[in-house]
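If you read the sequence from its start, that first residue is 1, and numbering goes on from there. In this text, all values refer to a predicted model and were calculated from it rather than measured experimentally.
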Amino acid sequence: RTQPIMILASALLIFACLCDGVSSASPYSVGEFDITVSDAGGLSATHRANPERVVWATARGSQFLSATLYSGLPSEIEGMFRLNFTPFCQYADLRLRVMSASSAALVFGGLLARATGTNCSLASQLNISLTLSPCQDQNEHLCVAATASPSPTVQQSQFTLAVSVFAGSTTDERIHGFGVQYSVWDFKGRHVPILVSEQGVGRGLEPVTSRMNAINSGGGSWNTTYFPVPHYTTSTCLSFSLENSEYSLFDLSAPTEIGVEVYSSTWRGRIFVCTTPLQCISTYTLFSGRMPPLPSWAIGGAIIGYQGGTDAVKAMAARVAAAGVPVAGYWLQDWTGIRNDPGFGQRLWWNWELDTTHYPDWPGLCASLAPARVLTYINPHLADTPRPGHRFLFGEAAAAGYLVLNSSGKPYILSSASPTFTFGTVDLTNAAARAWYASVIRDNMLAIQTHGWMADFGEYVPFDAMLQAGPGTQQHNRFPVEWAAINREATNATDTVYFLRAGFTQSPRHATLFWLGDQLVTWDQYDGLASALLGLLTGGLSGVAMTHSDIGGYTMFNVVSLHYVRTAALLLRWMELSAVTDAIFRTHLGNLPNASWQIDSSAATLTCFARMATLHTLLASYRRDLMTEHVSTGAPLARALWLHYANDTTASSTTDQVLLGSDVLLAPILFPSQTARDVYLPAGPWVHLWTQQRFSSTGQTVSVEAPYGEPPLFFREGSSVGAQLLSGLPALEKLPCHLDVEL
């Protein structure tokens, strides 16, 4: 595929040379903010509610803006992207002056006067404008927009111009956020790319990462994620987000500055005013959006992922019922039928209609599973291979002009996991295509008693694609937001749950639920159990309030020299984590169901599952309260200890424990063979659920036993959720848990 060359202007907002007389006129009043120009030419902002506290300041004195021309374009391989940007001209020496000043906006204009690089013949300087104003949708937020205006010669070239900013930082400041991040909590000292992609397989764990990179560049790294967000909050509660959807890069490598490079000619940022971590989340989610409470049925038991057709599902339901498992639903991802892919094996038909051969008498099956609900599966892609006897959605979409196009104006054909499994993508920026795809969801899914589904994918749009709203360079990161929105438009009902893995800044505004993607069936923080826990904590900082993981993980290999299959021990410990932290309690058979341990692989495992599903259900009313709290405050359900104990240095750096709300604390078991662990209890009266031992902590570490089925779980003494948990202990005791196979 021919990759067009891209002109990416990286205007590094390094606030520059302000002309004589500017500083004497400051501070400038802009809405509720005061903007000050320092003697060195830098800018700082304060809010009138707390005029002594600087909420944003630039770094590098007067030089706070620069630009770069790039050639190249990220190339796509099965949802992973290789960055091919090459800088060839940098612009610096910023010279600004105030153009206008009012309570509505402070506007600067000027030049980037010096160009250096291998080829700067297209332009020797760039015009610059910079505006600071109250944000139109939230006047308590400060919006900053910087535009580097290229000459007509640059605009007509094969390159792209971009803008970026450097803000001040301190050497001991910690930087958190950036969406769902699986491996890092404090990003100080790193470069953080903001690019929606597959998370990768292994993500640094060897040898699987190197093997996947050799096959299809699919190994990933610590920063690959389905759900990046250009948003951070520091340990000093300075909070910032980009409004751009274009690719961006946060440079946190310098000890005293934060660089934000946006690959667009206009850089748009938003500064939030807050003094505590929870307050920062609250004001940020006014921008990102907040998620509605889940329907009661979804949190009233386990949602069991299964497949195999009508008889297989009925048999599984009988086993689950006999084991005493509370069940909220059955998630049947193979409702569309099985397609044999020569390059991979069994896959689903991406044609989004019921396979009545695989599932005869679907209404009867749904009735037999009631009161449990039935959930299915969909994604924004359509198989380009016709299926005899079935509607050909790809053909309909192509004929109507509803598909994402390549540079030749033809439907952009991509592949997944195999070169023989190909598909097109619905252009969700096209209003007619949106309406058509929403009708597919309503007519083919909601009309057959589907109460929810996995809304998979969303990260595959190539950078050289063409959508109605613009090129892939602009729409790639934005596409998951549109994917969430079309699901909301199709349902328009509070009783339906769809869960997504890919996301971007304003995905929470349109989503009912997220999940953490395709973890490897390992214990580690690269791509395993521990990475799911950290993804839960980091996502909550950027509005991902309700999420969950595939219990036991998903990705497996069972080939020579690459043996990763789900074990009983891992499955049981993952159940314990999900029972407390996850918004719903959902299983997945994984990609090698016959080679891995499942919830019904033994009677003992199924009893353990019933126990943990019961524990999850005991927390249902508490979760309901937390969902209501989220709607009013933006707070996530599962929380890092830092959110409530920001002044406790131990709690602030603890990432192997998690709070559910403020009154439940879990210290999950994250290592095989571990049957006890140390737990840090922040200040307060805590009760250990399984022994009822009380701790009046001032910030102390205690050691507790942790046999299977009894993860280190504490509640705040006197809390209503504590009473609920204690009242449920007799039911849990009737479901003893033990590991009946060797590790």
Side-chain angles (χ1 to χ4, degrees), residues 201 301-321 323 325 327-341 344-350 355 358-359 365 369 372-379 416-417 450 452-457 499 501 515-522 527-529 532 548-559 563-575 577-579 582 584-606 608-610 612-613 741:
V201 179
I303 295 178
I304 296 173
Y306 210 66
Q307 60 190 36
T310 298
D311 292 342
V313 172
K314 286 184 175 180
M316 179 62 175
R319 293 192 294 275
V320 166
V325 179
V327 178
Y330 285 88
W331 171 52
L332 310 179
Q333 67 170 349
D334 65 341
W335 71 288
T336 60
I338 298 298
R339 171 183 172 183
N340 290 313
D341 173 23
F344 185 83
Q346 288 192 335
R347 306 289 294 272
L348 303 181
W349 271 102
W350 289 8
D355 185 329
H358 198 49
Y359 283 102
L365 174 62
L369 298 176
R373 312 296 179 96
V374 174
L375 299 88
T376 55
Y377 174 99
I378 192 173
N379 63 49
S416 172
T450 295
W453 51 83
M454 174 183 281
D456 204 0
F457 287 83
F499 44 102
R501 70 180 186 186
W515 100 98
L516 292 165
D518 298 345
Q519 276 73 49
L520 198 62
V521 291
T522 55
D527 197 17
L529 174 61
H548 69 294
S549 61
D550 296 332
I551 297 173
Y554 169 80
T555 305
M556 291 175 264
F557 298 90
N558 194 17
V559 296
H563 184 73
Y564 297 92
V565 295
R566 183 191 295 154
T567 64
L570 178 69
L571 181 60
L572 265 56
R573 292 306 193 187
W574 211 307
M575 289 178 193
L577 173 67
S578 295
D582 286 4
I584 66 170
F585 191 67
R586 181 184 59 83
T587 68
H588 198 312
L589 293 171
N591 68 315
L592 294 177
N594 296 328
S596 62
W597 202 260
Q598 304 293 347
I599 62 169
D600 61 335
S601 289
S602 72
T605 301
L606 193 52
C608 289
F609 182 72
M612 290 299 101
V741 295

Kindly compute the distance separating [atom1] ([X]) from [atom2] ([Y]), expressed to the nearest 0.5 Å.
X: Tyr554; Y: Thr587; atom1: OH; atom2: OG1; result: 13.5 Å
X: Phe585; Y: Met612; atom1: CZ; atom2: CE; result: 7.5 Å
X: Thr555; Y: Arg566; atom1: OG1; atom2: CZ; result: 10.5 Å
X: Asp550; Y: Arg586; atom1: CG; atom2: CZ; result: 4.5 Å
X: Thr336; Y: Leu348; atom1: OG1; atom2: CG; result: 5.0 Å
X: Leu589; Y: Met316; atom1: CG; atom2: CE; result: 7.5 Å

Taking side-chain hydrogen bond (donor to acceptor under 3.5 Å, both in side chains) as the definition, give me every residue that meets it alongside [X], ordered by chain and number, with sequence neighbours left out.
X: Trp335; value: none
X: Thr522; value: Asp524
X: Asp582; value: Ser578

Does Trp331 use its side chain to pair, donor to acceptor, with the backbone of Trp453 at less than 3.5 Å?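 No: the side chain of Trp331 does not pair with the backbone of Trp453.
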
Take a 6.0 Å sphere around CG of Asn558 and say whether it holds more than 12 heavy atoms from other residues, nucleotides or ligands.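 For Asn558, atom CG is crowded (more than 12 foreign heavy atoms under 6.0 Å).
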
Any pair with a residue in residues 590-605 that passes salt bridge (Lys or Arg N to Asp or Glu O under 4.0 Å), sequence neighbours left out, goes on the list, sorted by first then second residue, please.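 Applying salt bridge (Lys or Arg N to Asp or Glu O under 4.0 Å) to every pair that reaches into residues 590-605, excluding sequence neighbours, yields Arg319-Asp600.
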
Evaluation steps, side-chain contact (heavy atoms from CB on, under 4.5 Å), between Val313 and Tyr359: CA-CA 10 Å; Val313 172; Tyr359 283 102; 3.8 Å; yes

Is the shortest side-chain heavy-atom distance between [X] and [Y] below 4.5 Å?
X: Ile304; Y: Phe609; result: yes
X: Leu365; Y: Lys314; result: yes
X: Trp350; Y: Arg339; result: no

Could you walk me through whether Gln307 and Ile338 pass the side-chain contact (heavy atoms from CB on, under 4.5 Å) test, one step at a time? CA-CA 10 Å; Gln307 60 190 36; Ile338 298 298; 5.7 Å; no

Could you pull out all residues at least two apart from Ser601 that satisfy side-chain contact (heavy atoms from CB on, under 4.5 Å)?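 Partners of Ser601 under the side-chain contact (heavy atoms from CB on, under 4.5 Å) test: Trp597, Gln598.
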
Can you sort out the partners of Arg501 under salt bridge (charged side-chain N to carboxylate O under 4.0 Å, His left out), two or more places apart, ordered by chain and number?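 For Arg501, the residues satisfying salt bridge (charged side-chain N to carboxylate O under 4.0 Å, His left out) (neighbours in sequence not counted) are Glu198, Asp456, Glu459, Asp518.
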
